[in-house]
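The structure under discussion appears below in the form of structure tokens.
Every chain is numbered from 1, with letters handed out A, B, ... down the list of sequences.
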There are 2 protein chains.
Amino acid sequence: MIKVLIVDDHHLFAEGVKSMFRPEDDIEITHHTINGNEVPHLLSKHEIDVILMDVSMPILNGIETMILLKNEGHDTPILMLTMHQSIKQVKGALRKGAQGYILKDASKAELKQAIELVNKRENYFHPKISNQVFDYFRGKNSLVSELDTLSEREIEIIKYIAEGCNSKAIAESLFISEHTVKTHRRNIMHKLHVKTSAELIKLAIDKDII
Amino acid sequence: MIKVLIVDDHHLFAEGVKSMFRPEDDIEITHHTINGNEVPHLLSKHEIDVILMDVSMPILNGIETMILLKNEGHDTPILMLTMHQSIKQVKGALRKGAQGYILKDASKAELKQAIELVNKRENYFHPKISNQVFDYFRGKNSLVSELDTLSEREIEIIKYIAEGCNSKAIAESLFISEHTVKTHRRNIMHKLHVKTSAELIKLAIDKDII
DNA sequence: TTCAGAATACCACTTTCGCGGTATTGGGTG
DNA sequence: CACCCAATACCGCGAAAGTGGTATTCTGAA
């Protein structure tokens, strides 16, 4: 019996998955939390084989939770769960040691297979994203893969733009020159192949950059 | 036994909810589709008491599906399901005759209660949004409720802005004057209290306007 | 039928953006 | 050590956005 911990802020989803598995599936959802901070505690107290974790959560997101776990020495295999097909998330998850990646529009059979593979410390990638992943590791610079060439500073700038700040306001907030901000903006727009800041924000949200 | 049809493009969620209900709950998920266009057909062929429908779906969204159903003379009670707490969606759903509204982070108990109420043609509102709804019907013009004062044309303009079009390009696409587009943009920014088009797009996406 | 609001259109003005360069510094890697 | 790249900074220009006001037409609701 594979014991699974679900980390997801959508109760209905978590409860649904929990009721989905029968004893004959050899998979059991033993625990559930909506807060990434509670995961280390749960892992210490209970016997857990696989963590099924949503990427986007309000308190601590999936990637942050993974970093927390690695820092505390936990190595329970993690299957990441997401709504979107963002290569940035996939890459981030893999970098931090996620064992697999599955979309929320997968079927029960796919989820079962994914949990079983991850439990054996093998990798699982949902078919919808596997092509992107392969392309990425082949070094193909597709449109999507260029997203994660953004630096931390650039992402910071994007967040300010999304809040309606102009270059001058951003410069004052970050204690840098307005010229610098403009250079960052130009680099960002160029990297993401967008023509306006509005389009930039849409892309950034679609790809979970911000 | 309340027979429920789920309309949702997230298989895992739908399968999860399906397995969640036991015979003793007196609720059964009898059908599932990811395409709103198939709903009329399913309603004609099978006995269905309640429709549990996601608001945002790729092919035909929740509101559009509801309009389709009403036009074809169906009056099966509908419980709308969403990730976000958007007063615009709530209002749109109520206008078109939805019986209730529930968030995806609700619990099983809440969903059960919601389905039971909707089946009796009573209304159900998830606690997290009920206050907003009450405020709205009290006529309180909160910040949020101003979102749905946007006209169809204005929303159309926003979508073009999000694609990176400038005013001239939008004007050419819609066969109107660039002056008109600029007026629309000004009205939109004023209504939503945003200073830049980038902030506008973020807000529009956050509130599911586009 | 009157009246509000949506969609359309125009003028004028200031500010900001987007784009073309170029260049220095500092941190990390082979 | 040499090299790369991110972050920083500056100049200038044309295009677009953002802001102000005004006005006509049309539809739908009171």
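- Atom P of nucleotide C:dG20 and atom CG of A:N187 are separated by 12 Å, given to the nearest angstrom.
- Distance NE2 (A:H184) to P (C:dC19): 17 Å, rounded to an integer number of Å.
- If you check C:dT16, C:dT8, D:dA9 against the side chain of B:R153, the one that comes closest is C:dT8.
- In this entry the distance linking CD1 of A:I157 with C1' of C:dC17 reads 15 Å, nearest Å.
- The CG-P distance, from A:L174 to D:dA9, rounds to 10 Å in whole Å.
- Electrostatic pairing of B:K191 and B:E154 counts as a salt bridge here, judged by a charged N lying under 4.0 Å from a carboxylate O.
- With D:dA17, C:dA7, D:dA7 as the choices, the nucleotide that has an atom nearest any side-chain atom of B:R185 turns out to be D:dA17.
- Straight-line distance from the NZ atom of A:K168 to the C1' atom of D:dC10: 18 Å, rounded to whole Å.
- Each end of the helix from C:dT1-D:dA30 to C:dG30-D:dC1 gets its own axis from five base pairs, and the two axes differ in direction by 60°, given to 10 degrees.
- Rounding to whole angstrom units, CD of residue A:E152 and C1' of C:dG28 are separated by 16 Å.
- Rounded to an integer number of Å, the gap from CD1 of A:I155 to C1' of D:dA7 is 14 Å.
- In this structure, A:T183 has no side chain to side chain donor-acceptor pair (under 3.5 Å) partners at least two apart in sequence or on a different chain.
- Ion pairing between a basic and an acidic side chain is recognised when a charged N comes within 4.0 Å of a carboxylate O; B:D8 and A:K104 show no such pairing.
- In this structure, CG of A:L192 is placed 16 Å from C1' of C:dC19, rounded to the nearest angstrom.
- Listed for the A:K202 side chain is no donor-acceptor partner under 3.5 Å among the backbone atoms of B:A162.
- Counting heavy atoms from C-beta outward, B:L111 and B:F21 have side chains that approach closer than 4.5 Å.
- Listed by chain and number, the residues in a salt bridge (charged side-chain N to carboxylate O under 4.0 Å, His left out) with A:R153 are A:E156 (sequence neighbours excluded).
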Can you give me the N/O atom pairs linking the protein to nucleotides 10-14 of chain C at distances under 3.5 Å, or say none if there are none?
unit_1: C:dC10; atom_1: OP2; unit_2: B:S177; atom_2: OG; d: 3.0
unit_1: C:dC10; atom_1: N4; unit_2: B:T183; atom_2: OG1; d: 3.4

When the side chains of residues 171-181 of chain B are checked against the rest of the protein, which donor-acceptor pairs come out under 3.5 Å, sequence neighbours left out?
unit_1: B:S173; atom_1: OG; unit_2: B:A169; atom_2: O; d: 3.1
unit_1: B:S177; atom_1: OG; unit_2: B:H179; atom_2: N; d: 2.9

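- With salt bridges taken as basic N to acidic carboxylate O contacts below 4.0 Å, none links B:D26 and B:K112.
- Side-chain proximity of B:S167 to C:dA7, D:dA17, C:dC17: nearest is D:dA17.
- Residues satisfying the salt bridge (charged side-chain N to carboxylate O under 4.0 Å, His left out) criterion with B:E163, sequence neighbours excluded, are absent altogether.
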